[in-house]
Novice: 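Here it is: the structure, laid out below.
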Amino acid sequence: MGRLRLQPLGEVCLGEECRSPGSVLRGPEDDAELQLVLGKLKEQDLASGFTTAIRASIDYVLDGARTSRFDLLSKDVHPGERASVGAKLEYEAQRVFKWAKAKPLDIEIAGVPVDLKSTVGDNWAIPTEAHCHLCICTQMRLKGNVHKSWLIRTHTSWLYRGKGNKDGKRGIAVDARHQWGVPLYDWTPLPVNPLTLLTENQKDQVFDPGRGQEVRLLRLFKYLPMTVIERSAVLTVCANRQDPMRRARAIKEEAAKQGILLLCGTWISDRAVAETHGYDLGPGDWVAIPNGSDQVEPPGEGFLF
């Protein structure tokens with residue numbers, strides 16, 4: 001799709017029901033509603049909140065505890081499922097930020113209708129009812145493990161022409177996003193799923209269907225030492241098996257015999273020991289520390305899902 005030649009600011013928008021006073025195209029600094037919404041958004045930690053919402057959306061689509069899947073870019077994940085992360089994110093964002101559902105769009109902020117749009121691609125599909133309204137547009141770059149959101153007035157004049165898709169949805173012109181989209185936060189990392197850190201041979205060992213849960217979990221913790229592993233990763237390894245968390249707790253003694261201090265955030269005493277090594281464990285988190293390790297700081301991005 002080629003670049004759309006944009007109408008300059010000050011001209012009349014092509015949208016028949018444009019919300020801008022006089023239907024005049026205005027930059028974000030002169031858009032009173034946009035500035036009102038932007039002021040309210042600045043009261044929240046948007047980067048952290050969207051990270052949480054995206055994590056929940058990806059977890060939901062992968063459904064690891066049932067499917068054993070942990071990598072959204074895997075060939076086992078259908079492209080349609082990948083795209084559905086964006087749709088799920090709209091609801092997760094409402095939940096995380098406690099944005100109330102409100103017609104005619106998704107939510108209202110400071111009394112102004114706002115639509116929530118997300119994509120794992122390069123653009124957003126703006127429905128007819130959201131033309132000339134304010135939209136929070138979130139982009140997830142899965143290969144780079146980052147995300148970013150913008151607030152933009154999706155003027156009809158700033159959307160690609162043509163008929164759009166079968167629902168009449170249209171993409172935002174690249175230049176319009178660059179010139180008149182307001183970034184809500186910088187590109188923010190999505191923490192890495194620790195299961196993706198396993199080598200192919202290690203994956204085969206950890207997900208070996210011929211071995212029991214305890215054997216496979218012990219392999220997991222041995223292959224990923226000094227890496228915080230969340231409860232969802234344990235459930236993924238033990239997909240469709242009975243009581244995997246009890247199985248994980250049962251291997252602490254065997255792990256100790258093999259020179260591994262296995263700590264679980266369920267216990268206050270374990271959390272306290274983990275803190276001395278530089279790890280902040282949540283209630284369902286695990287970390288394996290080899291005996292003799294003098295590491296104080298946890299290693300980078302080794303957590304998620």
Side-chain angles (χ1 to χ4, degrees), residues 45 47-60 62-65 68-74 92 96 140 142 144-147 188-199 202-203 205-207 213-239 243-256 258-305:
D45 186 349
S48 177
F50 270 104
T51 297
T52 298
I54 292 170
R55 290 176 58 178
S57 301
I58 293 176
D59 256 349
Y60 177 86
L62 289 175
D63 194 11
S68 294
R69 300 183 306 182
F70 53 85
D71 185 357
L72 202 61
L73 294 176
S74 168
E92 288 297 330
V96 169
M140 294 163 276
L142 300 178
N145 287 313
V146 293
H147 65 94
T188 298
L190 284 170
V192 177
N193 184 330
L195 297 177
T196 64
L197 303 176
L198 295 168
T199 67
Q202 289 171 345
K203 290 176 188 176
Q205 295 293 312
V206 170
F207 287 91
Q213 295 181 75
E214 293 183 16
V215 171
R216 294 191 289 114
L217 287 171
L218 188 56
R219 290 172 178 173
L220 171 67
F221 293 122
K222 289 177 69 175
Y223 292 151
L224 296 177
M226 298 182 292
T227 301
V228 175
I229 297 176
E230 293 189 354
R231 181 177 185 272
S232 56
V234 173
L235 296 178
T236 298
V237 170
C238 300
D243 204 357
M245 302 314 297
R246 182 172 67 85
R247 298 293 187 181
R249 293 190 292 270
I251 65 173
K252 283 171 66 74
E253 184 175 341
E254 179 60 29
Q258 298 187 28
I260 299 172
L261 176 62
L262 186 56
L263 301 173
C264 177
T266 299
W267 292 292
I268 295 176
S269 58
D270 276 19
R271 291 205 301 269
V273 174
E275 287 180 7
T276 67
H277 289 270
Y279 298 90
D280 182 15
L281 297 184
D285 294 342
W286 295 79
V287 65
I289 302 175
N291 287 347
S293 172
D294 58 358
Q295 178 170 336
V296 175
E297 294 297 327
E301 299 178 313
F303 70 102
L304 186 70
F305 309 124

Novice: Looking only at non-hydrogen atoms, find the nearest pair between G64 and A239 and report the distance.
Specialist: O-CB, 3.5 Å

Novice: Evaluate V287 against H277 for side chain to side chain contact (heavy atoms under 4.5 Å, CB included), listing each step before the verdict.
Specialist: CA-CA 10 Å; V287 65; H277 289 270; over 6 Å; no

Novice: Roughly how far, to the nearest 0.5 Å, is CD1 of I251 from CZ of R247?
Specialist: 11.5 Å

Novice: Does the side chain to side chain contact (heavy atoms under 4.5 Å, CB included) test come out yes or no for R55 and E230, once each step is laid out?
Specialist: CA-CA 12 Å; R55 290 176 58 178; E230 293 189 354; 2.5 Å; yes

Novice: What distance do K252 atom NZ and L261 atom CG have between them, rounded to the nearest 0.5 Å?
Specialist: 7.0 Å

Novice: Looking only at heavy atoms, what is the nearest atom pair of A233 and L195, with distance?
Specialist: O-CD1, 4.0 Å

Novice: Going by side-chain contact (heavy atoms from CB on, under 4.5 Å), L281 matches just one of I229, V273, L263. Which one?
Specialist: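 In the set I229, V273, L263, the residue that makes a side-chain contact (heavy atoms from CB on, under 4.5 Å) with L281 is L263.
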
Novice: For the CD1 atom of I289 and the OG1 atom of T276, what is their distance to the nearest 0.5 Å?
Specialist: 7.0 Å

Novice: One pair to check against side chain to side chain contact (heavy atoms under 4.5 Å, CB included): Y223 and Q205. What are the steps and the verdict?
Specialist: CA-CA 10 Å; Y223 292 151; Q205 295 293 312; 3.6 Å; yes

Novice: To the nearest 0.5 Å, how far apart are NZ in K222 and CG in L220?
Specialist: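 Nearest 0.5 Å value for the NZ-CG distance: 12.0 Å.
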
Novice: Mind checking the CH2-CG spacing from W286 to L262? Nearest 0.5 Å is all I need.
Specialist: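 Answer rounded to 0.5 Å: 5.5 Å.
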
Novice: Indicate the atoms forming the closest heavy-atom contact of M226 with P290, along with that distance.
Specialist: CG-CD, 4.0 Å

Novice: Please give me the minimum heavy-atom distance between L235 and P244, naming the atom from each residue.
Specialist: CD2-CG, 3.4 Å

Novice: Regarding R249 and D270, does a basic nitrogen lie under 4.0 Å from an acidic carboxylate oxygen?
Specialist: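 Looking at R249 and D270, the cut-off is not met.
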
Novice: Nearest 0.5 Å please: distance from the CE atom of M245 over to the CD atom of Q213.
Specialist: 10.5 Å

Novice: Go through it in stages, so that I can follow the logic: the residues are N193 and T236, the test is side chain to side chain contact (heavy atoms under 4.5 Å, CB included), and I'd like the CA-CA distance, side-chain angles, deciding distance and then a yes or no.
Specialist: CA-CA 11 Å; N193 184 330; T236 298; over 6 Å; no

Novice: Please list, chain by chain and in numerical order, all residues satisfying side-chain contact (heavy atoms from CB on, under 4.5 Å) with T266, sequence neighbours excluded.
Specialist: C264

Novice: Does R216 reach the main-chain N or O of F207 with its side chain, forming a donor-acceptor pair under 3.5 Å?
Specialist: no

Novice: So, for L218 and E254, which heavy atoms are closest and what is the spacing to 0.1 Å?
Specialist: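 The pair with the smallest heavy-atom distance is CD2-CG, 3.8 Å.
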
Novice: For A47, enumerate each residue passing the side-chain contact (heavy atoms from CB on, under 4.5 Å) test, keeping only those at least two apart in sequence or located in another chain.
Specialist: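 Partners of A47 by the side-chain contact (heavy atoms from CB on, under 4.5 Å) criterion, ordered by chain and then number, come out as D45, Y185, T188.
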
Novice: Taking all non-hydrogen atoms of both residues, which atom of V96 and which atom of G49 are closest, and how far apart?
Specialist: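 Shortest heavy-atom contact: CG1-O, 3.6 Å.
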
Novice: Quick one, L217 and C238 - any side-chain contact, counting heavy atoms below 4.5 Å?
Specialist: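 Yes. Closest side-chain heavy atoms under 4.5 Å.
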
